[in-house]
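For reference, the structure is listed below as structure tokens.
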Amino acid sequence: MTNSAEPAGGYDLAVVGAGPAGLAAAATAAEHGLRVVLLDSAPRPGGQFYRQPAAELRAARPQALHHHWPAFQRLLGRVDAAAERVTSLGDHHVWSVTGESGAFTVRALTGPDQRQARSVTARQVLFATGAHERQLPFPGWTLPGVVGAGGAQAMLKAGLVLPGRRVVVAGSGPLLLAVASSLAAAGARVPLVAEAADYLGYAAGARVLAANPGKLVEGAQHGAVLLRHGVRLRPRTAVVAAHGSDRVEAVTLARLDAAWRPVPGTEWRVACDAVAVGHGLVPQLELPLELGCRTRRLPDGSAALVVDAAQRTTVPGVWAAGESTGIGGVQLAVAEGELAGRAVAGQTAAPRPLLRRRARLRAFADLMAARHAPGSGWTGWLDDATEVCRCEEVTVREVRSAVAELGAADQRTVKLLTRAGMGWCQARMCGPAVARLCGAPSADGPDVPGPDVAVAGQDDGAPTRPLSTPVPLGLLAECDTTAPSSEGAPR
Amino acid sequence: MVVIGAGMIGAACADALATRGMRVAVVDRGPVVGGTTGAGEGNLLVSDKAPGPELELAVESLRLWGELAGELGARALEYEPKGGLVVARDQRAFAELRASAELQRAAGVTAVDVPADGLREWEPHLAPGLAGGVHYPQDAQVQPALAAAALLRRARATGRVDLLTATAVTGLAKGRVETDAHGTLHCGAVVNAAGTWGGEVAALAGATLPVLPRRGFVLVTEPLPPLVRHKVYAADYVADVASGSADLQSSAVVEGTAAGPVLIGASRERVGFDRSLSAPVLARLAAQAAELFPVLRDVRVLRAYRGFRPYLPDHLPAIGPDPDRPWLLHACGHEGAGIGLAPATARLIAQLLDGEKPFMDPAAFGPGRFEKEES
């Protein structure tokens with residue numbers, strides 16, 4: 001067990017997120033002598049990518065479901081080796097980070113049902129908060145049996161549970177192949193993978209691909225597994241409707257044109273008892289945005305943190321690594337974590353191979369983001385009754401009416417006029433779809449106006465989620481027993 | 001007419017003017033309801049106002065809200081005539097509260113004293129040990145964004161209203177409004193309904209209106225079965241509104257909503273347009289809400305949002321013509337009461353523009369009152 005008493009004067013570094021980037025950053029910083037606290041909402045480290053089965057399931061070979069497992073073991077080994085200087089706080093849901101360089105307060109919820117408060121202080125903070133899946137709705141997507149592709153993968157890795165016996169995998173992005181191959185390897189029948197983008201698009205990035213042979217091998221490995229299990233890959237294809245009464249029983253697929261518009265007359269039906277669907281990943285930014293970190297627009301329209309060569313954000317004392325700086329996969333996340341950990345520890349000269357590796361992987365990531373960027377024509381598979389926001393049951397018709405009659409042109413205005421995004425998930429699920437339905441500059445994730453959008457009162461890219469996770473009122477009431485700091489004082 | 005601002009006040013003005021047959025352009029540099037309207041609770045209160053012109057405006061305005069709910073549908077506005085319950089923590093506060101209610105009754109407000117042992121009949125989950133309260137049946141609630149949208153929709157349905165969002169006003173002069181996106185708009189008069197940014201709009205015409213922002217946070221809980229029936233707050237709220245202090249003033253207003261979540265609001269700070277999270281303020285709001293309703297202690301807060309209330313030095317709105325520019329009518333600076341006061345404000349503006357006798361004397365709201373103070 002790691003040392004859990006906070007050092008006098010606080011930790012040198014708080015790392016939020018114990019996925020690949022956070023583990024690499026924490027290990028590296030600790031190896032350079034910093035006292036690090038590493039917080040994550042999951043009980044065990046690994047993040048989404050290396051999600052581990054619950055201990056009580058006694059999985060004999062969790063690595064069977066994982067790629068790059070040895071690399072994960074090495075990271076865990078490094079954290080263990082530096083255990084004297086790393087405090088690992090699993091099952092800690094961070095809901096707020098406030099303060100400034102030299103004195104940050106990280107507030108988290110822990111314990112059964114997240115009913116206990118815990119806060120730590122640190123001189124610097126590093127966000128390795130990862131990403132969540134982008135969902136684009138389609139008629140029938142609220143039926144039981146329709147699950148997120150990443151969610152299906154997580155269920156499999158954490159609970160060793162399959163979403164169904166016959167699973168259609170659909171959406172867009174490299175994750176789909178990994179999900180399909182994991183599902184097939186675990187015994188599910190996967191009749192096909194429907195990828196909305198055109199794989200041929202990669203040809204345009206041949207030079208970047210050639211520089212990333214590892215990525216080609218990875219793709220080929222998935223391909224081999226899929227081939228062995230008879231899984232067909234259908235590019236430029238989407239699930240345009242799911243059917244069933246109590247649960248999904250079939251889907252309608254259709255060919256798409258280059259803009260993702262369904263081509264009339266190409267529909268066909270496939271029987272299944274589950275659909276695993278996802279349209280790429282969106283950086284998770286609530287916490288850094290609350291601190292005022294600036295964002296940039298990724299090629300697929302989502303927002304990611306701006307970082308410099310040392311992984312420093314635009315706010316002093318705040319660093320970021322991994323998907324929060326742009327979706328790039330596990331290898332890039334680890335490289336960024338290493339670089340960030342070194343830089344936080346004051347190592348100004350980064351090893352050149354590591355820098356080159358990051359640049360190469362980043363170029364690949366940008367290529368992927370551009371190739372899998374949702375086309376504008378996807379709204380063609382919606383009907384007016386399709387629910388966009390599941391929490392508040394807001395339909396496409398209501399969103400379109402707010403746009404047509406009141407000129408709503410951004411996610412926040414649609415939310416105010418329709419309640420879309422006001423519910424439990426706080427628009428994590430419907431945000432990207434709503435932004436696209438109202439023709440916003442494809443602002444994914446937490447209501448992030450583009451840098452050119454100067455709306456009175458919410459210019460400056462400010463988000464609207466001061467709480468990044470639900471907090472019991474009683475704990476919120478007790479969260480600040482210290483005297484109000486300058487943040488609450490008049491200016 | 002050009003109405004600057006597509007928030008609650010602008011929407012109400014557009015509706016009132018269009019109903020009288022005037023042609024209106026509503027101009028906003030952002031989207032509809034993008035400012036304080038989109039960040040408020042939708043309080044329609046008489047209970048927090050001392051007798052005087054603002055209370056007179058509020059009584060008329062709440063009557064108009066009731067009419068609007070009848071015309072547009074209570075559901076469309078999420079209008080709830082739920083009434084308010086102001087509670088006192090100790091005997092001294094209860095005595096002050098009762099005295100203030102007595103004065104309000106003389107000004108046309110319905111206010112019913114509730115003894116300590118009667119509080120639970122009104123609010124079963126209230127904390128024990130409170131000294132008593134006053135029930136105000138006129139207090140009500142709307143969802144401000146929906147209410148503003150409903151008024152804008154009705155105004156536009158007359159065919160006499162253009163809605164120009166994402167359009168910034170760059171210049172103001174008699175008969176002309178210069179914009180960045182739609183060129184010059186020619187008009188007979190301009191209504192400044194820019195809320196917290198009303199001072200900036202006034203400055204474009206060379207006028208001075210000292211509107212300042214006052215930050216507030218609102219906490220929103222997870223959806224709950226009905227726990228809180230009225231708008232409930234502690235009696236020190238009334239003192240906060242009139243406070244001249246720049247320090248944090250906060251007394252939680254707790255209320256249930258039609259959609260399920262409980263809203264907890266009313267923190268007030270003067271920190272300029274600083275949007276950063278203030279943990280002490282959120283903690284204090286939460287503590288006060290839990291003090292009134294211990295049952296909320298285990299309820300989860302889903303989100304917190306913030307807004308900027310527009311306030312003027314004497315905490316009264318500016319409603320009426322600019323002292324030196326009769327073509328420019330101000331309708332802003334309502335602080336935390338803009339949603340409640342919107343219909344009556346719009347009525348005053350429409351009556352002034354129509355040359356009709358106003359339903360009340362608007363002198364107290366005269367935008368020229370600050371010049372006099374200076375000279």
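Fair warning: this is a prediction, and the values are worked out from it, not measured in the lab.
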Just do the side chain to side chain contact (heavy atoms under 4.5 Å, CB included) check on B:Leu146 and A:Arg419 with the steps written out, would you?
CA-CA 9 Å; B:Leu146 292 184; A:Arg419 302 192 64 80; 5.5 Å; no

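- The CG atom of A:Leu406 sits 6.5 Å away from atom CG of B:Leu152, with the distance rounded to the nearest 0.5 Å.
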Stepwise side chain to side chain contact (heavy atoms under 4.5 Å, CB included) test for A:Leu417 and B:Val32
CA-CA 9 Å; A:Leu417 297 174; B:Val32 295; 3.9 Å; yes

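- Within the 4.5 Å cutoff, side-chain heavy atoms of B:Asp298 are placed close to those of A:Arg115.
- Across every non-hydrogen atom of B:Thr165 and A:Gly407, the tightest pair is OG1-O, 4.1 Å.
- At least one side-chain heavy atom of A:Leu467 sits under 4.5 Å from a side-chain heavy atom of B:Leu282.
- Listed here is the closest heavy atom pair of A:Arg412 and B:Gly35: NH2-O, 4.1 Å.
- Classification of B:Arg297 and A:Glu478 as a salt-bridged pair holds, one side-chain N sitting under 4.0 Å from a carboxylate O.
- Here the closest non-hydrogen pair linking B:Gly38 and A:Leu416 is O-CD2, 3.2 Å.
- Looking at B:Val301, both its backbone and its side chain come within 4.5 Å of chain A, counting heavy atoms on both sides.
- For a residue to count as touching a neighbouring chain, one of its non-hydrogen atoms must lie under 4.5 Å from one of that chain's; by this rule B:Leu296 touches chain A with backbone and side chain alike.
- Put simply, CE on A:Met422 and CZ on B:Arg303 are 5.0 Å apart, with the number rounded to the nearest 0.5 Å.
- Distance CG/A:Leu473 to CD/B:Glu222: 10.5 Å, rounded to 0.5 Å.
- For B:Glu291, no part lies near chain A; criterion is any non-hydrogen pair under 4.5 Å.
- Using a 4.5 Å cut-off between heavy atoms, B:Leu219 contacts chain A through its side chain alone, with no backbone atom that close.
- Between B:Arg153 and A:Ser401, the side chains place a donor N or O and an acceptor N or O closer than 3.5 Å (distance only, hydrogens not considered).
- Open room surrounds CZ on B:Arg75; 12 or fewer heavy atoms of other groups in view lie less than 6.0 Å from it.
- Of the candidates A:Asp113, A:Leu476, A:Val471, A:Asp113 is the only one forming a side-chain contact (heavy atoms from CB on, under 4.5 Å) with B:Arg300.
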